[in-house]
Amino acid sequence: AQSVTQLGSHVSVSEGALVLLRCNYSSSVPPYLFWYVQYPNQGLQLLLKYTSAATLVKGINGFEAEFKKSETSFHLTKPSAHMSDAAEYFCAVTAFKAAGNKLTFGGGTRVLVKP
Amino acid sequence: DTEVTQTPKHLVMGMTNKKSLKCEQHMGHRAMYWYKQKAKKPPELMFVYSYEKLSINESVPSRFSPECPNSSLLNLHLHALQPEDSALYLCASSQESGGYNSPLHFGNGTRLTVT
């Protein structure tokens, strides 16, 4: 089975400061990892994905994540937070199961951006 | 704007009612999904359809009945629900169901309240 753990259910950052959201995975096979963002009253939007092509992955809205196999981590960062980054962020991993693309989510991290 | 459209946005139903949630995508995706999301929790997979056939049922109670009339449409029929079934129901689609390089595209969800 594959799983992800997000460290910290809430993160508070000042506008302009670094955003760092932590995600650690557990997988018996090479994982495929994703970060999604959910704004209030909306569905989930893909920020970026890791599919083994490159360990440093750049996504939308200035976010990037680095896959570190030795640390089983896939942390999400953004150099400078903006007020519009306030949202819930989910790390997710896929697991192949029959014909299904089963996406398993971490518990989520809510980001609060202070002016 | 999301490319996966869900209707209705909000639904209130009694425990004896029968209602349906609808989902539509026109991206040519061949896999479609239903997720359930409780407040402050990550989405939980309910069903996966691959090429219009049910491929995954995550042991969902029979009061939830999915249907995929064609590759663009996905329905979730609801009957005799319980108050604890109140949640945000998210529909998603992906290009194919077995491809790890095929991220999910989510709709904005239907917020269901069972009274």
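The analysis underlying the following values was restricted to heavy atoms, covering all of them including side chains, and did not include hydrogens, waters or symmetry mates. Proteins come first, then strands; the chains are lettered A, B, ... in the order of their sequence lines, and each starts at number 1.
Listed by first then second residue, pairs satisfying side-chain hydrogen bond (donor to acceptor under 3.5 Å, both in side chains) with a partner in residues 6-22 of chain A read Q6(A)-T109(A), not counting sequence neighbours.
Within residues 69-79 of chain A, no residue has any heavy atom under 4.5 Å from a heavy atom of chain B.
The cluster map of Ile, Leu, Val, Met, Phe, Trp and Tyr, joined by side-chain heavy atoms under 4.5 Å apart, puts V11(A) and L47(A) in the same cluster. V113(A) is connected to Y39(A) through a chain of hydrophobic side-chain contacts under 4.5 Å among Ile, Leu, Val, Met, Phe, Trp and Tyr, so both are in one cluster. In the hydrophobic clustering of ILVMFWY residues, with side-chain heavy atoms under 4.5 Å counting as a link, L74(B) and L54(B) come out together. Linking ILVMFWY side-chain heavy atoms closer than 4.5 Å, directly or via other members, places I60(A) and F67(A) in a single hydrophobic cluster. Residues L56(A) and V19(A) fall into different hydrophobic clusters, defined by Ile, Leu, Val, Met, Phe, Trp and Tyr side chains chained together at heavy-atom separations under 4.5 Å.
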Sequence neighbours excluded and cut-off under 3.5 Å, please list the side-chain donor-acceptor pairs for residues 7-18 of chain B, or say none.
residue: N17(B); atom: OD1; partner: G14(B); partner atom: N; Å: 2.7

If you look only at distance, which donor and acceptor atoms sit under 3.5 Å apart when one is on a side chain in residues 59-66 of chain B and the other is two or more places apart or in another chain?
residue: R63(B); atom: NE; partner: D85(B); partner atom: OD2; Å: 2.7
residue: R63(B); atom: NH2; partner: D85(B); partner atom: OD1; Å: 3.0
residue: R63(B); atom: NH2; partner: D85(B); partner atom: OD2; Å: 3.4

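A distance-only check finds no donor-acceptor pair linking the side chain of Y33(B) to the backbone of L103(A) [under 3.5 Å].
A distance of 6.0 Å separates CG in N41(A) from CZ in R111(B), rounded to the nearest 0.5 Å. Between Y36(A) atom OH and F106(B) atom CZ the span is 5.5 Å, to the nearest 0.5 Å.
Contact of Q37(B) with chain A is made through the side chain alone, with heavy-atom distances under 4.5 Å.
Considering every non-hydrogen atom in both P42(B) and F90(A), the closest pair reads CA-CE2, 3.4 Å. The minimum heavy-atom distance between L90(B) and G43(A), with the atom names listed, is CD2-CA, 3.9 Å.
A heavy-atom distance below 4.5 Å is found between the side chains of L88(B) and Q38(A). No side-chain heavy atom of L104(B) sits less than 4.5 Å from a side-chain heavy atom of L46(A).
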